[in-house]
Protein chains: 2
Amino acid sequence: MIEEKTKIFKALSDPNRLRILKMLQTKSLCVCEITDVLRLATSTVSKHLSILKSTGFIIETKDGKWVNYLINPRPPDARISSVLSTLDFWISDDQIIISDKQKVQKVDRNEVCSR
Amino acid sequence: MIEEKTKIFKALSDPNRLRILKMLQTKSLCVCEITDVLRLATSTVSKHLSILKSTGFIIETKDGKWVNYLINPRPPDARISSVLSTLDFWISDDQIIISDKQKVQKVDRNEVCSR
DNA sequence: AATTCATTTCGTTAACTAACGAAATATAAA
DNA sequence: TTTATATTTCGTTAGTTAACGAAATGAATT
């Protein structure tokens with residue numbers, strides 16, 4: 001179905017989801033770490049992650065009370081792999097992406113999550 | 001700006017716009033020919049075309065009372081060219097795309113447009 | 001077992017999108 | 001210049017989406 005294919009583009013058509021994907025290309029992160037960088041409500045970030053997960057871009061691994069999200073190393077669809085690998089070239093020069101990456105390097109789960 | 005980049009994906013995240021792009025990869029078409037294949041209102045098709053045009057995917061050429069739309073041979077952004085060339089591989093196997101192409105081959109402007 | 005903390009689900013709201021028909025615009029033919 | 005035809009613009013409506021906070025869930029610690 002054609003709608004299946006537009007789903008991939010739809011997943012990429014939101015700025016916050018693109019930022020999440022780029023962050024996860026730096027390192028895997030839990031929900032509250034992403035929330036800290038994006039400055040959105042936890043529930044909003046969780047929703048974005050579920051969209052990226054259902055499309056096949058990312059997977060999750062449970063780690064105690066945390067849920068780690070990471071780029072799917074084995075996407076269900078060659079199109080996903082293709083997009084993920086070209087995403088570097090596509091948006092690495094963007095200022096917000098650069099500063100997101102810097103924040104991601106420094107972010108500490110134990111400091112950020114429990115206030 | 002990151003929103004500029006999501007615009008490209010947003011343009012591709014609608015089934016009818018994907019169908020239009022694939023049709024135009026077969027041959028250039030006027031609005032009413034596209035309308036005939038998609039079975040949408042003329043104003044709706046016109047809107048889709050303006051979105052694809054403003055993103056840089058397609059251009060228009062005036063031909064008397066007709067406006068021909070065609071794939072932009074010189075896109076403003078390397079990302080557009082990249083997507084356009086991979087679009088073949090992405091969605092050529094889809095049934096609706098195949099039947100669209102068949103209809104496009106047969107469609108006759110002078111027969112279809114003036115009822 | 002109760003508490004704490006991370007995350008998800010739910011319900012709501014505001015903004016956005018795709019669709020339509022009607023009216024406006026533009027070009028060609030009569 | 002009137003008429004016909006192709007397309008665009010406008011206004012409206014229904015459906016979708018992204019955001020939030022509150023409540024529910026799940027897992028570790030006390």
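Below, chain A is the first sequence line, B the second, and so on; all start at residue 1.
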Would you call K5(A) and D93(B) a salt bridge, taking side-chain N to carboxylate O under 4.0 Å as the test?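 Looking at K5(A) and D93(B), the cut-off is met.
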When rounded to the nearest 0.5 Å, the distance separating CD1 of I20(A) from CG of L40(A) is 8.0 Å
Query - Inter-residue atom distance I34(B).CD1 - S46(B).OG, 0.5 Å rounding - result: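 Those atoms lie 10.0 Å apart.
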TODO: Pick out which of K62(B), E33(B), E60(B), R109(B) makes a side chain to side chain donor-acceptor pair (under 3.5 Å) with N68(B).
DONE: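 Exactly one pass, corresponding to R109(B).
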So, with a heavy-atom separation below 4.0 Å from DNA chain D, the residues of residues 7-26 of chain A are K10(A), D14(A), N16(A), R17(A)
- Nucleic acid contacts - residues 27-43 of chain A versus DNA chain D, non-hydrogen atoms under 4.0 Å: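 DNA chain D contact set from residues 27-43 of chain A: L40(A), A41(A), S43(A).
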OP1, OP2 of dT17(D) versus side-chain N and O of H48(A): anything below 4.0 Å?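 H48(A) to dT17(D) OP1/OP2: no side-chain N or O under 4.0 Å.
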ask   = Can you check whether T44(B) has a side-chain N or O nearer than 4.0 Å to OP1 or OP2 of dA19(C)?
value = no
Taken in chain and number order and not counting sequence neighbours, the residues that satisfy disulfide bond (SG atoms under 2.5 Å apart) with C32(B) are C113(B)
**Asked** Side chains of K7(A) and S54(A): does their closest heavy-atom pair fall under 4.5 Å?
**Response** yes
Q) Where is the tightest heavy-atom contact between P73(B) and I59(B), given as atom of each residue plus distance? A)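 Heavy atoms only, the tightest pair is CD-CD1, 3.7 Å.
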Fill in: Nearest non-hydrogen partners of V107(A) and V112(A), listed with the distance
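Where V107(A) meets V112(A) most closely, the heavy atoms are CG2-CG2, 3.6 Å.
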Please report, rounded to the nearest Å, how far the [atom2] atom of [N] is from the [atom1] atom of [X].
{"X": "E60(A)", "N": "dA6(C)", "atom1": "CD", "atom2": "C1'", "answer": "12 Å"}
{"X": "E3(B)", "N": "dA18(D)", "atom1": "CD", "atom2": "P", "answer": "13 Å"}
{"X": "K62(B)", "N": "dT7(D)", "atom1": "NZ", "atom2": "C1'", "answer": "9 Å"}
{"X": "K47(A)", "N": "dT12(C)", "atom1": "NZ", "atom2": "C1'", "answer": "14 Å"}

Ring pair (Phe, Tyr, Trp, His ring centres under 6.0 Å) filter on W66(B), not counting sequence neighbours, yields none
Ignoring hydrogens and angles, write down the donor-acceptor pairs under 3.5 Å from the side chains of residues 11-19 of chain A, residues two or more places apart or on other chains.
unit_1, atom_1, unit_2, atom_2, d
S13(A), OG, K10(A), O, 2.8
D14(A), OD1, N16(A), N, 2.9
D14(A), OD1, R17(A), N, 3.2
R17(A), NE, A11(A), O, 2.8
R17(A), NH1, H48(A), ND1, 3.1
R17(A), NH2, K10(A), O, 3.2
R19(A), NE, D100(A), OD2, 2.8
R19(A), NH2, D100(A), OD1, 3.0

Of the residues in residues 63-75 of chain A, which ones touch DNA chain C at a heavy-atom distance under 4.0 Å?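 The stretch gives K65(A), W66(A), V67(A), Y69(A) as the residues lying under 4.0 Å from the strand, ordered by number.
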Practice item. Applying side-chain contact (heavy atoms from CB on, under 4.5 Å), run through V37(B) and L29(B) and close with a yes or a no. Key: CA-CA 11 Å; V37(B) 176; L29(B) 297 162; over 6 Å; no
